[in-house]
Amino acid sequence: MSAAGGATPRRVIVAITGATGAVYGVRLAQVLRAAPDVETHLLVSPAGVMNLQHEMDIGKAEVEALAHVVHNVRDIGATIASGSFRAHAMVVAPCSMRTLAAVAHGLSDNLITRAADVTLKERRRLVLMVRETPLNLAHLRNMTAVTEMGGIVFPPVPGFYQKPGSIAELVDHTVGRVLDLIDIPQTLAPSWDGLNGQA
């Protein structure tokens with residue numbers, strides 16, 4: 001499958017789990033859909049579906065329409081469950097503490113955690129947008145474990161130095177930073193030019 005114009009696409013796996021912050025996954029999927037030569041593979045957990053409805057008043061089908069390929073969370077036989085599937089990166093946005101724990105301990109008990117495990121074992125970029133506060137010791141140890149395995153723990157902590165004027169701008173800035181981490185060109189979060197405006 002080609003995302004655009006016959007070019008070999010960069011395949012990005014996006015998973016939406018049951019933590020608060022469904023907007024991050026949706027916005028990421030929107031931006032990736034518009035990106036040239038990117039093929040998005042989407043997974044939404046049952047709790048993620050609940051949060052989409054509760055936080056954004058949208059259904060699963062609306063989010064699935066943003067992806068090039070949609071996978072069932074229970075389909076362990078899917079393409080993305082194998083290291084031979086050449087994915088560019090994976091982002092879990094948002095990432096529940098349950099999903100973090102499963103990844104940290106190598107528990108491939110559904111397609112989200114299996115795809116994350118594959119991403120790590122193949123030494124590809126994995127970004128977990130973990131959402132919880134305050135953090136207990138189990139959360140912190142699981143974050144350390146994932147980091148030691150090569151994953152990136154990226155809590156969606158808003159930045160204010162860009163003087164955002166809306167929640168949408170806060171979300172875009174965070175999503176832009178995630179896109180930087182997986183080497184997808186973006187214009188949502190311009191690079192910092194310093195206080196004097198000098199690069």
Side-chain angles (χ1 to χ4, degrees), residues 12-29 41-56 63 71-76 78 80-81 83 87-162 164 167 170-184 189 192:
V12 178
I13 302 167
V14 176
I16 298 175
T17 68
T20 187
V23 65
Y24 293 110
V26 172
R27 184 61 178 138
L28 179 62
H41 289 249
L42 180 70
L43 298 134
V44 184
S45 73
V49 173
M50 291 176 58
N51 268 2
L52 287 168
Q53 296 169 341
H54 177 70
E55 296 181 355
M56 302 184 70
V63 180
H71 298 279
N72 188 307
V73 174
R74 293 182 294 276
D75 185 11
I76 297 298
I80 60 174
H88 175 73
M90 179 174 180
V91 181
V92 184
C95 179
S96 67
M97 286 298 160
R98 184 251 175 242
T99 299
L100 169 69
V103 174
H105 293 277
L107 304 179
S108 300
D109 55 351
N110 62 42
L111 188 55
I112 293 175
T113 54
R114 171 59 186 170
D117 186 67
V118 167
T119 302
L120 289 173
K121 81 180 183 68
E122 298 295 329
R123 305 300 191 265
R124 297 168 185 158
R125 189 59 55 94
L126 174 67
V127 180
L128 304 181
M129 297 183 71
V130 295
R131 272 290 303 122
E132 185 60 276
T133 187
L135 300 170
N136 68 34
L137 186 56
H139 301 155
L140 294 168
R141 285 179 171 162
N142 288 336
M143 291 180 191
T144 298
V146 168
T147 301
E148 290 173 339
M149 288 187 281
I152 296 176
V153 176
F154 188 106
V157 179
F160 294 94
Y161 57 86
Q162 77 276 19
I167 292 176
L170 284 172
V171 170
D172 274 1
H173 185 263
T174 298
V175 170
R177 292 286 295 110
V178 169
L179 291 167
D180 283 343
L181 288 173
I182 62 172
D183 296 321
I184 300 294
W192 177 245

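Treat the numbers as computed from the prediction; the structure is a model and nothing was measured. We're numbering straight along the sequence, starting at 1.
- With sequence neighbours left out, Asp180 forms a side-chain hydrogen bond (donor to acceptor under 3.5 Å, both in side chains) with Gln186.
- By the side-chain hydrogen bond (donor to acceptor under 3.5 Å, both in side chains) test, Asn51 is found to be paired with no residue, residues two or more places apart in sequence or in another chain being considered.
- Under the salt bridge (charged side-chain N to carboxylate O under 4.0 Å, His left out) criterion, Arg27 pairs with Asp172, sequence neighbours left out.
- The one candidate from Ile112, Ile16, Val92 that meets the side chain to side chain contact (heavy atoms under 4.5 Å, CB included) condition with Ser45 is Ile112.
- Residues satisfying the ring pair (Phe, Tyr, Trp, His ring centres under 6.0 Å) test with Phe160, not counting sequence neighbours, are none.
- Looking at residues two or more places apart in sequence or on another chain, you find no side-chain hydrogen bond (donor to acceptor under 3.5 Å, both in side chains) involving Thr144.
- Considering every non-hydrogen atom in both Leu170 and Pro164, the closest pair reads CD2-CG, 3.4 Å.
- Classification of the His71-His41 ring pair by plane angle, with boundaries at 30° and 60°, yields parallel.
- Applying the salt bridge (Lys or Arg N to Asp or Glu O under 4.0 Å) rule to pairs touching residues 136-158 yields nothing, sequence neighbours excluded.
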Compile the donor-acceptor pairs under 3.5 Å between side chains in residues 130-139 and protein atoms, sequence neighbours left out, one pair per line.
residue, atom, partner, partner atom, Å
Asn136, OD1, Ala138, N, 2.9
Asn136, OD1, His139, N, 2.9
His139, ND1, Asn136, N, 3.0

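- Scored by the side-chain hydrogen bond (donor to acceptor under 3.5 Å, both in side chains) test, Asp183 finds no partners at all (sequence neighbours excluded).
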In a table with atom names and distances, give each donor-acceptor pair under 3.5 Å that connects a side chain of residues 115-123 to protein atoms at least two apart or in another chain.
residue, atom, partner, partner atom, Å
Thr119, OG1, Ala115, O, 2.8
Arg123, NH1, Leu120, O, 3.4
Arg123, NH1, Lys121, O, 3.2

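- Looking at Val91 and Arg125, their side chains never come closer than 4.5 Å, going by heavy atoms from C-beta outward.
- Of all the heavy atoms in Ala19 and Pro94, the pair that sits closest is O-CG, 3.2 Å.
- Nearest heavy-atom pair across Leu181 and Phe154 is CD1-CD1, 3.4 Å.
- Within the 4.5 Å cutoff, the side chain of Glu55 has no heavy atoms near those of the Met50 side chain.
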So Met90 and Ile182, side chain to side chain contact (heavy atoms under 4.5 Å, CB included) or not? Walk me through it. CA-CA 8 Å; Met90 179 174 180; Ile182 62 172; over 6 Å; no
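- Scored by the side-chain contact (heavy atoms from CB on, under 4.5 Å) test, Met56 finds Ala22, Val23, Val26, Leu52, Ile58 as partners (sequence neighbours excluded).
- The line from CG of Leu111 to CD1 of Ile80 is 4.0 Å long, rounded to the nearest 0.5 Å.
- Under the 4.5 Å side-chain criterion, counting only non-hydrogen atoms from C-beta, Thr174 is in contact with Met129.
- Residues forming a ring pair (Phe, Tyr, Trp, His ring centres under 6.0 Å) with His88 (at least two apart in sequence, or on another chain): none.
- Residues in residues 89-113 take part in these side chain to side chain donor-acceptor pair (under 3.5 Å) pairs, two or more places apart or across chains: Ser96-Thr99, Arg98-Asp109, His105-Asn142, Asp109-Thr113, Asn110-Thr113.
- Inter-residue side-chain proximity for Leu28 and Val12 is flagged as unmet; no heavy-atom pair is nearer than 4.5 Å.
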